[in-house]
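Report on the structure given below.
To find a chain, count down the sequence lines: A is the first, B the second, and so on, and within it residues start at 1.
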Amino acid sequence: MFCCKQLRLYRFQQFSTFRWCSQVFDQIEKESRRKIKISLFQDALKQAEEFKVKEEFIRFTLCDVNSQSQLIEAAVPANVLYSAIAKTYNLEFSLVERLYGEINSMNNFEDVFNAHNKSTSIQFSSLFQKIQEIFELSGGGCEEQKEVLVKDLLSLCSSAQEVKYLIRFLKKRMRIGLSTQSVSSLLDESERKRLLGYQSGSGDLQIGIPIQPQLAKSFQKENKEEEITMEKIKKKFLNDDLGGCYFEYKYDGERLQVHYTNGEVKLFGRSLEEKTKQFKELSNQLKDYFHNNKFDDVILDCEMICYDKGEILPFQEMQNKTYENSVYLSLVCFDILYHNKQILLNKTYSQRLQIYNSILKPITNQRQVISHIISHRFKNESEMDRFYKQALIDGLEGIMIKRDAVYSPGSRNDWLKIKKEKDIDLVVLGGYYGQGKRQQWLGSFLLGIYENGRLHPIAKIGTGFSDQKLEELTKRYMSKPSCSCPQHLVGFKDQPHVWFSQNDVWEVTYDTVSASPLYPAQNSQLNTGISVRFPRFKRERPDKTIEQSGPIQDLLEEYFKVQRKEFF
DNA sequence: AATGTCTGCCCC
DNA sequence: ATTCTGC
DNA sequence: GCAGAATGGGCAGACATT
């Protein structure tokens, strides 16, 4: 008996410390096989449960404190974190900043840390409690207080490894190759609701708790000249089985999941955040609508758009109007997950379509609080092709093609989105150090465009590179002498870490042109700068000179066309 | 009170 | 949002 | 195909600074 008690006590000390937690993370991070990662986490979860820190352990893994009061800024601001690190270990702020608080990349951090070595590690539960205290701070002067508390936390760490994972937590990037999907798969439905805030959709359904929205994958062109043809779509996505598919317009708004029961409405965003209060006016209008139309209970999947005088506003303008005046906000419903006490997730799309069509009016160019999207059953390829071209003429983002399948929360497999992509040649001006797996490379670049004899910043770019390409580009530009900031860009707000002395031309793909408060490229016709939405690297263009970039007139013209509602 | 800077399971 | 990567 | 982890523009809101 006595032995048993001793053993339990011993295990308690071993398992509930922060040292235990950081060792688990280290093990999971080093393991590349996802199955093994998950089983390692599962074992740790059992231990955490035994020592009553399961919830804290999960929240720590997902970098989520869930401090009930939704009002607070969740993260410790980067500069507060860096300052706390610098002061605790007597390092230069600029060094910490330069390495983005990644102690992995600090030379000899072990040596630096040795002075702080401790034999005993803090209990995981008390560490988590201290973290919560930090996250509950808000209001004037809270950043100073946060810094003090972060310094305390750092000094409580007993090993460099603990420091590493504490910093990652505070930066909200644990990056051990295991995140919400894997954690979710190990939880039961009630834990999922409580800890992750959503339900899986399997089994019972509770109205008022969001379901992961189904997503779409995008059709990607293989080269610039390639035309998007329905033939190719068939080959890539639908696998010769177009017959049962539906296609519809893709509206460029904001995803909203609507829940209605017992006379109350709740709204959820794409990331499952509750939006009811944010769109209060709309919520009230919906409540009246459902009440007046004798709805009992329902869950709808919608796109929120914004009308002005019978016209749908572009995305950027919708964002501007969203908070100050929701009078024009409107929902386009494109799916139904629950109706009249019936779960509809396992019905096929054609069945769900029939239901939402029967209870809502179709979308028109007059504003209605909520209306249903017009969905077309596939007849032939040329009809779908015409529909896609018409979508662009009508100023929409593109089209969606949907298999006649059940609703699969989180899946991207059954819906395909087709949008118009554009390409432009831009000039690389400088680079920014990367983070995480890119910490030894440049992780993104500043791009410019030639205008009036000078290069003006117009966008940053950080995706579209293979690892190999990024390494090659980093070596190339870092091995050349960097230059100082060009005279005319001294006031630019987002200075690159390295200005390049050699400016090459890159081909960049983007979706649309946007008005920009940050990027100065413009001309006299416009009192704002412009940039591009969704920029991605396509290839280098060594055959082009900087004068051949752009031209910016093309982008401006595209912007003005959208303003004038002239599409193609 | 006005302006500047930074952040977000933000929205896309 | 887009894209790449290892499994 | 999935899940994870890099990265984009730009908005409102929260804080700090002046």
Side-chain angles (χ1 to χ4, degrees), chain A residues 31-38 59 62-66 71-80 137-144 146 172-185 196-198 215-218 220 252-256 269-273 275 278 303-304 314-324 397 410-413 417 419 421 432 434-439 441-447 458-470 493-494 508-519 528-538:
Chain A
E31 172 61 61
S32 64
R33 295 163 294 184
R34 203 160 70 228
K35 274 186 181 171
I36 312 285
K37 275 180 192 281
I38 291 176
R59 294 203 183 287
L62 299 177
C63 305
D64 167 32
V65 280
N66 187 37
L71 305 165
I72 52 145
E73 286 281 319
V76 175
N79 287 337
V80 172
L137 291 173
S138 68
C142 76
E143 293 194 354
E144 246 172 273
K146 282 181 180 180
K172 306 210 85 180
R173 288 191 197 207
M174 198 51 80
R175 54 185 211 83
I176 56 175
L178 181 143
S179 195
T180 49
Q181 290 304 109
S182 301
V183 172
S184 177
S185 72
L196 307 183
Y198 67 85
L215 304 166
K217 69 177 166 189
S218 51
Q220 290 172 322
D252 191 8
E254 192 171 328
R255 189 87 176 258
L256 275 186
R270 200 194 105 128
S271 63
L272 311 171
E273 291 257 302
K275 300 276 170 185
Q278 195 167 17
E303 190 76 7
M304 183 180 75
F315 181 75
Q316 213 171 1
E317 288 178 51
M318 180 204 68
Q319 277 188 302
N320 277 326
K321 300 229 172 187
T322 296
Y323 303 97
E324 65 188 44
E397 242 192 324
S411 166
R412 291 185 177 274
N413 214 24
K417 60 182 160 191
K419 299 197 285 185
E421 295 183 335
Y432 303 82
Q435 301 194 54
K437 68 181 179 186
R438 290 189 184 171
Q439 73 181 228
W441 303 327
L442 293 169
S444 59
F445 302 86
L446 181 65
L447 297 173
I458 194 161
K460 282 202 289 184
I461 192 160
T463 190
F465 317 99
S466 64
D467 288 354
Q468 194 194 343
K469 191 73 193 174
L470 207 51
K493 289 289 185 299
D494 194 7
V508 170
T509 301
Y510 68 97
D511 276 24
T512 54
V513 178
S514 61
S516 170
L518 177 65
Y519 294 100
T528 174
I530 56 168
S531 189
V532 290
R533 188 145 79 132
F534 313 141
R536 53 258 198 204
F537 175 83
K538 266 293 167 293

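Distance check on atom C1': B:dC9 versus B:dT5 gives 23 Å, rounded to whole Å.
Of the side-chain N and O atoms in A:Lys538, one or more sit less than 4.0 angstrom from OP1 or OP2 of C:dT3. The phosphate of D:dG10 has OP1 or OP2 within less than 4.0 Å of a side-chain N or O from A:Ser514. Applying the 4.0 Å criterion to OP1 and OP2 of C:dA1, one finds that A:Ser218 has every side-chain N and O outside that range. When the side-chain nitrogen and oxygen atoms of A:Ser271 are compared with OP1 and OP2 of B:dC10, one or more of them lie within a distance under 4.0 Å. Applying the 4.0 Å criterion to OP1 and OP2 of D:dG4, one finds that A:Ser182 has a side-chain N or O inside that range. Put simply, A:Lys217 has a side-chain N or O that comes within less than 4.0 Å of OP1 or OP2 on D:dG1. Close to D:dA5, at under 4.0 Å from its OP1 or OP2, lies no side-chain N or O of A:Lys437. Using a 4.0 Å cut-off, no side-chain N or O of A:Arg533 falls inside it from OP1 or OP2 of D:dG8. Between A:Lys419 and C:dT2 there is a side-chain N or O to OP1 or OP2 distance below 4.0 Å. Put simply, A:Gln316 has a side-chain N or O that comes within less than 4.0 Å of OP1 or OP2 on D:dC11. Note on A:Lys417: a side-chain N or O is less than 4.0 Å away from OP1 or OP2 of C:dT2. The shortest distance between the side-chain N/O atoms of A:Thr509 and the OP1/OP2 oxygens of C:dT2 is not below 4.0 Å. Remark: A:Arg173 is not in phosphate contact with D:dG4, judged by side-chain N or O atoms under 4.0 Å from OP1 or OP2.
Side-chain atoms of A:Arg533 and A:Asp252, non-hydrogen and from C-beta on, do get closer than 4.5 Å to each other. A:Ser514 places none of its side-chain heavy atoms less than 4.5 Å from the side chain of A:Phe315. Within the 4.5 Å cutoff, no side-chain heavy atoms of A:Pro517 are placed close to those of A:Thr528. A:Leu442 places none of its side-chain heavy atoms less than 4.5 Å from the side chain of A:Leu470.
Nearest to the side-chain atoms of A:Asp467 among the listed nucleotides D:dC2, C:dT5, D:dG8 stands C:dT5. With distances taken from any side-chain atom of A:Lys493 to the nucleotides B:dT5, D:dA6, D:dG1, the minimum falls on B:dT5. Of all nucleotides listed (D:dC11, B:dC12, B:dT7), D:dC11 comes nearest to the side chain of A:Gln319. Which of D:dA16, D:dA6, D:dG8 sits closest to the side chain of A:Glu143 comes down to D:dA16. Nearest to the side chain of A:Phe315, among D:dG9, C:dT3, B:dC9, sits D:dG9. Candidate nucleotides D:dG1, D:dG9, D:dC15 were compared by shortest atom distance to the side chain of A:Ser138, and D:dC15 ranks first. Nearest nucleotide to the side chain of A:Arg33, out of D:dA5, B:dC9, C:dC7: C:dC7. Closest to the side chain of A:Asn320, from the set D:dA12, C:dC7, D:dG10, is D:dA12.
A cation-pi arrangement is present between A:Lys460 and A:Tyr432, with the terminal nitrogen or guanidinium carbon under 6.0 Å from the aromatic centre and inside a 45° cone about the axis.
Contact annotation for A:Leu196: base contact, defined as any heavy-atom pair under 4.0 Å involving a base atom. At the heavy-atom level, A:Gly253 lies under 4.0 Å from the strands shown only through sugar-phosphate atoms. Contact annotation for A:Arg536: backbone-only contact, meaning every heavy-atom pair under 4.0 Å involves sugar-phosphate atoms and none involves a base. Residue-level contact check: A:Gly269 touches neither bases nor backbone, having no heavy atom under 4.0 Å from any strand. At the heavy-atom level, A:Tyr519 lies under 4.0 Å from the strands shown only through sugar-phosphate atoms. When heavy atoms are screened at a 4.0 angstrom cut-off, A:Lys35 is found touching no nucleic acid atom at all. Heavy atoms of A:Phe465 sit under 4.0 angstrom from primed sugar atoms or phosphate atoms, though from no base atom. Within the 4.0 angstrom heavy-atom criterion, only backbone atoms of the sugar-phosphate kind lie near A:Cys142; the bases stay farther away. No engagement by A:Ile530 is indicated, since no non-hydrogen atom pair under 4.0 Å with the nucleic acid exists.
In this structure, A:Trp441 atom CH2 and D:dA5 atom P are separated by 16 Å, rounded to whole Å. The nearest whole Å value for the distance from the CD atom in A:Glu31 to the C1' atom in C:dC7 is 11 Å. D:dC2 atom P lies 18 Å from atom CG of A:Leu178, rounded to whole Å. Atom CD1 of A:Ile36 is separated from atom C1' of C:dC7 by 11 Å (rounded to the nearest Å). When the P atom of D:dG10 is taken as reference, atom CD of A:Glu317 falls 14 Å away, rounded to whole Å. A:Phe445 places its CZ atom 15 Å from the C1' atom of C:dT3, with the value rounded to the nearest Å. Between A:Tyr432 atom OH and D:dT7 atom C1' there is a gap of 13 Å when expressed in whole angstrom units. Summarising the geometry, the separation between CZ on A:Arg255 and P on B:dC9 is reported as 19 Å, rounded to the nearest angstrom.
Comparing A:Thr180 and A:Asn79, the nucleotide of DNA chain B nearest to each residue sits closer to the 5' end for A:Asn79. Nearer the 5' end of DNA chain D, as judged by each residue's closest nucleotide, is the contact made by A:Ile176, out of A:Glu144 and A:Ile176. In this structure, A:Gln181 and A:Ser516 both approach DNA chain D, and ranking their closest nucleotides by distance from the 5' end singles out A:Gln181.
Figure legend. D:dT18 is base-paired to B:dA1; pairs are counted as Watson-Crick or G-U wobble with both atom distances under 3.5 Å. In this structure D:dG9 sits in a base pair with B:dC11, meeting the Watson-Crick or G-U test at under 3.5 Å.
Side-chain atoms of A:Thr463 and base atoms of D:dT7 include no donor and acceptor less than 3.5 Å apart.
Using a 4.0 Å cut-off between charged nitrogen and carboxylate oxygen, A:Glu421 and A:Lys538 do not count as a salt-bridge pair. A salt bridge links A:Lys419 with A:Glu397: at least one charged nitrogen is closer than 4.0 Å to a carboxylate oxygen.
Remark: side-chain polar atoms of A:Glu303 are paired, donor with acceptor, to backbone N or O of A:Glu254 under 3.5 angstrom. Remark: side-chain polar atoms of A:Arg33 are not paired, donor with acceptor, to backbone N or O of A:Glu31 under 3.5 angstrom.
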